[in-house]
2 protein chains.
Amino acid sequence: MKQFSDLTPSAERIVDAAEGLIQTLGYNGFSYEDVAKIVGIRKPSIHHHFPSKMELGAVVAQRYTHRFREALLHVEGTVSKAPARLRAYADLFEATYEKSRRLCICGMLGAEADSLPQEITAQVKRFFSVNLEWLTTVFAEGMAEGSLKSGHSAAELAEAFMCTLEGALVVGRGWPQAHGPRRSAEVLLAALAP
Amino acid sequence: MKQFSDLTPSAERIVDAAEGLIQTLGYNGFSYEDVAKIVGIRKPSIHHHFPSKMELGAVVAQRYTHRFREALLHVEGTVSKAPARLRAYADLFEATYEKSRRLCICGMLGAEADSLPQEITAQVKRFFSVNLEWLTTVFAEGMAEGSLKSGHSAAELAEAFMCTLEGALVVGRGWPQAHGPRRSAEVLLAALAP
DNA sequence: GTCTATACTTGGATAGAC
DNA sequence: GTCTATCCAAGTATAGAC
C-alpha cells in the first residue's frame, strides 16, 4: 500500500484536508469536491495523487496511527508514573476535542466500518490494537507499582479507559454541554486511585 | 414534526429498516434504495411515507429516544438500588451491541452531526439530555444511599458512565476482539463501589 | 399505498491537453 | 501536477397512472 511517508507536498495537503473532513463529516460524508475546495485545486488533481477514495482514506488512517504512536513514545520518554501517563494519554484526545470537537479518525471510521472497504477497516483495527496494547502495559505497571488500584485485569482497564475517551468525543459532538475526554478520564482515574 | 406514534404499518416497517441501516452504515451510508430492498417495495413508495430522508432520519431518532425512555421507566419500576440500576442501564447498550454490534442510533448520528440537518441533530441532543438527566439522578441516589463512592459530582459520573458505554459500542465495531459495553461498565462500577 | 418513468444533482473516476 | 471535458452510476426527489 501507499506509504504516508513518501507523500509529495501536494499529496500531504490533500491528506490534511481529508483528515479534517473525515473527523467532522465522516468518510461517507465528504467528497473529492470538498477536498478540492479546501486545497484549492480541482477534483481530477486529487485523483492524480489518490486514484481512489479508498486509498486516500487508508493513508489518512495510517498516518493518524503513526502520529499517535509517536505521541505515545513521547509520553513514555517524558512521563514516568502510570497515572500521569494515562492523563497524558487522555490529553491526546482532549487536543482532538479542542480542535472544534473533531472526532478520533478511527472512532469515526470504526462507527462507519460496515460501509467501508477492508483496506480501511484494517487500519482501524491496527489503531485500536496499538492503543490497547500500550494502555494495557501502562495499567499493568501502575498496578505493579501500586499507583493504581487492581481488581480487574490491566487489559480490561485499558479497554474501559479507551472506550471512555472515544465515547467522550462522540458525545461531545452530539451534546454541546459535554465536558470532553479529559474530564471523564479524570473521573475514572480518581475512582482507580488506591 | 411527524410523530412516530401515528405511523401506518408500512411506515413502521420503513422506520425499522432505516433504524438498522443507520446503526450499521450511518445516515450518510444508507439510501432509499437500501430501505426499499429490505422492506420489499420501490424507492418512490418510501417517499410517499417520508418525503425527505431528513424526515425519516428524524423519526428514527425520535422513536429510538422514546423507546429508551420507556426502558428507563421500566428499570425504575423493577430495580431499586443505584448500582443495579446502572447495570440494567448498561444492559440496554449490551443488547444493542449483541444485535450484530449495532451502534446506538444517537451515537452514530452524533458522530456524523456536522453533516446532518438541524432537525436530526436536535433529536440527538434530546437523547443525550434525557439519558444524562436520568443517570445523574441515579448516581445522586447511589451516593446518598451509600452504595456508590462519592468524590465527583453525580453529573460528572453520569457523563463519564455514558461516554464509556457509547465508546464501547464504537470500539466494538472497529476492533473485533472488544468485550462490549457491559464489561466496561462493570470495570467502572467496581471502581466506584464504596 | 404502490407502481413506472423520469428529472436533476452529485460523486467517483478516466482521457488527454498543457 | 494541474487543468478541461466527459462518463457513468447512484442518490434524492417528483409526476402521474393504477
Side-chain angles (χ1 to χ4, degrees), chain A residues 1-4 6-22 24-61 108-109 112 114-121, chain B residues 1-4 6-22 24-61 108-109 112 114-121:
Chain A
M1 209 200 73
K2 185 168 256 173
Q3 275 288 122
F4 73 93
D6 28 68
L7 295 179
T8 62
S10 308
E12 198 148 8
R13 283 192 301 148
I14 291 167
V15 173
D16 289 341
E19 184 178 90
L21 286 165
I22 293 176
T24 50
L25 307 177
Y27 181 83
N28 292 320
F30 89 98
S31 71
Y32 269 36
E33 185 60 40
D34 297 325
V35 177
K37 275 203 193 100
I38 294 176
V39 177
I41 54 180
R42 300 290 195 159
K43 258 200 295 180
S45 310
I46 316 281
H47 281 284
H48 174 257
H49 298 280
F50 299 94
S52 77
K53 192 182 178 185
M54 177 226 97
E55 279 191 57
L56 176 54
V59 170
V60 168
M108 182 68 90
L109 295 176
E112 294 178 296
D114 277 14
S115 58
L116 303 183
Q118 176 273 327
E119 284 85 350
I120 295 182
T121 56
Chain B
M1 208 202 74
K2 185 167 255 170
Q3 274 288 122
F4 72 92
D6 27 68
L7 294 178
T8 62
S10 308
E12 196 146 9
R13 283 191 301 148
I14 291 166
V15 173
D16 290 340
E19 182 178 271
L21 286 166
I22 293 174
T24 51
L25 307 178
Y27 181 83
N28 292 320
F30 90 97
S31 72
Y32 269 37
E33 184 59 39
D34 297 325
V35 177
K37 275 202 192 103
I38 293 176
V39 177
I41 54 181
R42 300 291 195 159
K43 263 201 289 183
S45 310
I46 315 280
H47 280 284
H48 174 258
H49 298 280
F50 300 93
S52 76
K53 192 182 177 185
M54 178 227 97
E55 279 192 56
L56 176 54
V59 170
V60 167
M108 182 68 90
L109 295 176
E112 293 179 297
D114 277 15
S115 59
L116 302 182
Q118 177 274 327
E119 285 85 348
I120 294 183
T121 55

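Lettering follows sequence order; numbering is per chain, from 1.
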Worksheet entry | Closest contact, heavy atoms only, A:Lys43 versus A:Ala36 | N-CB, 3.8 Å
Discussion item. Show the nearest heavy-atom pair for residues A:Asn28 and B:Leu25, with the distance to one decimal.
Written reply: ND2-O, 3.8 Å
Discussion item. Suppose we screen for side-chain hydrogen bond (donor to acceptor under 3.5 Å, both in side chains). Which residues come up paired with A:Ser45, at least two apart in sequence or across chains?
Written reply: none
Discussion item. Let's go through B:Phe50 and B:Ile14 carefully: what are the C-alpha distance in whole Å and the side-chain angles of both, what is the deciding distance for side chain to side chain contact (heavy atoms under 4.5 Å, CB included) to 0.1 Å, and is it a yes or a no?
Written reply: CA-CA 9 Å; B:Phe50 300 93; B:Ile14 291 166; 3.8 Å; yes
Discussion item. Would the distance check show the side chain of B:Tyr27 and the main-chain N or O of B:Met54 forming a donor-acceptor pair, the cut-off being under 3.5 Å?
Written reply: yes
Practice prompt. With side chain to side chain contact (heavy atoms under 4.5 Å, CB included) as the test, would you mind laying out the steps for A:Thr121 and A:Leu109 before giving the verdict?
Written response: CA-CA 7 Å; A:Thr121 56; A:Leu109 295 176; over 6 Å; no
Fill in: Contacts of type ring pair (Phe, Tyr, Trp, His ring centres under 6.0 Å), residue B:Tyr32, not counting sequence neighbours
B:His47
Worksheet item: If only atom types and distance count, is the side chain of B:Lys2 paired as donor or acceptor with the main-chain N or O of B:Ala58 below 3.5 Å?
Response: no
Item to complete: Kindly write out the residues that satisfy salt bridge (charged side-chain N to carboxylate O under 4.0 Å, His left out) with B:Asp34, not counting sequence neighbours, or none if the list is empty.
Response: none
Discussion item. Using a strict heavy-atom distance below 4.0 Å, which residues from residues 33-42 of chain B are in contact with DNA chain D?
Written reply: none
Worksheet entry | A:Ala17 to A:Val39 - nearest heavy-atom pair and separation | CB-CG2, 3.9 Å
Worksheet, complete the sentence: Numerically ordered, the residues 45-57 of chain B set in heavy-atom contact under 4.0 Å with DNA chain D is B:His47, B:Pro51, B:Ser52, B:Lys53
Worksheet, complete the sentence: Bounded by its outermost nucleotides with an atom under 4.0 Å from a heavy atom of chain B, the footprint on DNA chain C reads C:dG1 to C:dA5
